[in-house]
Amino acid sequence: MEEGKEEPMLSSAFPLGRVRKIVKLDKEIDRVNSEALFLISLSTDLFLHFLTDKSMQVALDKKRRTIKTDHIRIAAKRHRPTADFLLDSLPMPSQPPARPSSDQTKPSSSHVEEKPLPPGVRRIDHFFHKSAGETE
């Protein structure tokens, strides 16, 4: 390393304790060292930046200023490696809101049913909900 040039410090955007808990959800993994956790955290951060950029491009193509779930779904479909693992976890595309007729006084409730998961499998968003006994 030359004098006067400093290497940028990489920092993790995700708490390593939380990353460790997610990794340990895999029954085949007993121990994980801190370097591996750090690299997993950094690669997750890079992936989220990539997906956000692609979703932003989709939103801009549709002349929108807010990224919605549909934009993330389209961005994932356009990138084959992402589509292979992510599309099943994303909610189904939303339907355009139906305009209620003058006869209809009650708003229609749009309830999207989630696909049933195989036994022993949990959705990733369940992990991020804090349990009553957990404090950070």
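Computed from a predicted structure; not experimentally measured.
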ring-ring contact (aromatic ring centres under 6.0 Å, His included) partners of F14, counting only residues at least two apart: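 Listed in chain order: nothing, the list is empty.
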Listed pairs under 3.5 Å, donor-acceptor, residues 49-58 side chains, sequence neighbours left out:
unit_1: H49; atom_1: NE2; unit_2: D45; atom_2: OD1; d: 3.4
unit_1: T52; atom_1: OG1; unit_2: L48; atom_2: O; d: 2.6
unit_1: S55; atom_1: OG; unit_2: L51; atom_2: O; d: 2.7

I want to check something: taking the side chain as every heavy atom from C-beta on, are L16 and S41 in contact at a cut-off of under 4.5 Å?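 Yes, close enough: below the 4.5 Å cut-off.
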Check whether any side-chain heavy atom of L60 lies under 4.5 Å from a side-chain heavy atom of R64, and answer yes or no. no
Do V19 and V32 share a hydrophobic cluster (ILVMFWY, side-chain heavy atoms under 4.5 Å, transitive)?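 Yes: a chain of side-chain contacts under 4.5 Å links V19 to V32.
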Honestly curious: do L46 and F85 fall in one hydrophobic cluster under the side-chain, below-4.5 Å linking rule?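 No, it is not one cluster - the side chains of L46 and F85 are not joined through contacts under 4.5 Å.
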Point-to-point distance, once rounded to the nearest 0.5 Å, from [atom1] of [X] to [atom2] of [Y]:
X	Y	atom1	atom2	answer
I22	R18	CD1	CZ	7.0 Å
E28	D26	CD	CG	5.0 Å
I29	K24	CD1	NZ	10.0 Å

Please name the pair of heavy atoms, one in A83 and one in K77, separated by the smallest distance, quoted to 0.1 Å. CB-CA, 4.0 Å
With sequence neighbours excluded, tell me which residues meet side chain to side chain donor-acceptor pair (under 3.5 Å) with D30.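 Applying side chain to side chain donor-acceptor pair (under 3.5 Å) to D30 gives none.
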For T82, which residues count as a side chain to side chain donor-acceptor pair (under 3.5 Å) partner, sequence neighbours excluded?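 T82 satisfies side chain to side chain donor-acceptor pair (under 3.5 Å) with H79 once adjacent residues are dropped.
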Heavy-atom donor-acceptor pair, R20 side chain to L37 backbone, under 3.5 Å: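 Pair absent, no side-chain N/O of R20 close to backbone of L37.
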Which residues pass the salt bridge (Lys or Arg N to Asp or Glu O under 4.0 Å) test with D84, sequence neighbours left out? R80
According to ring pair (Phe, Tyr, Trp, His ring centres under 6.0 Å), does anything in residues 25-45 pair up with another residue at least two apart or in another chain? List the pairs.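 Non-adjacent pairs meeting ring pair (Phe, Tyr, Trp, His ring centres under 6.0 Å): zero.
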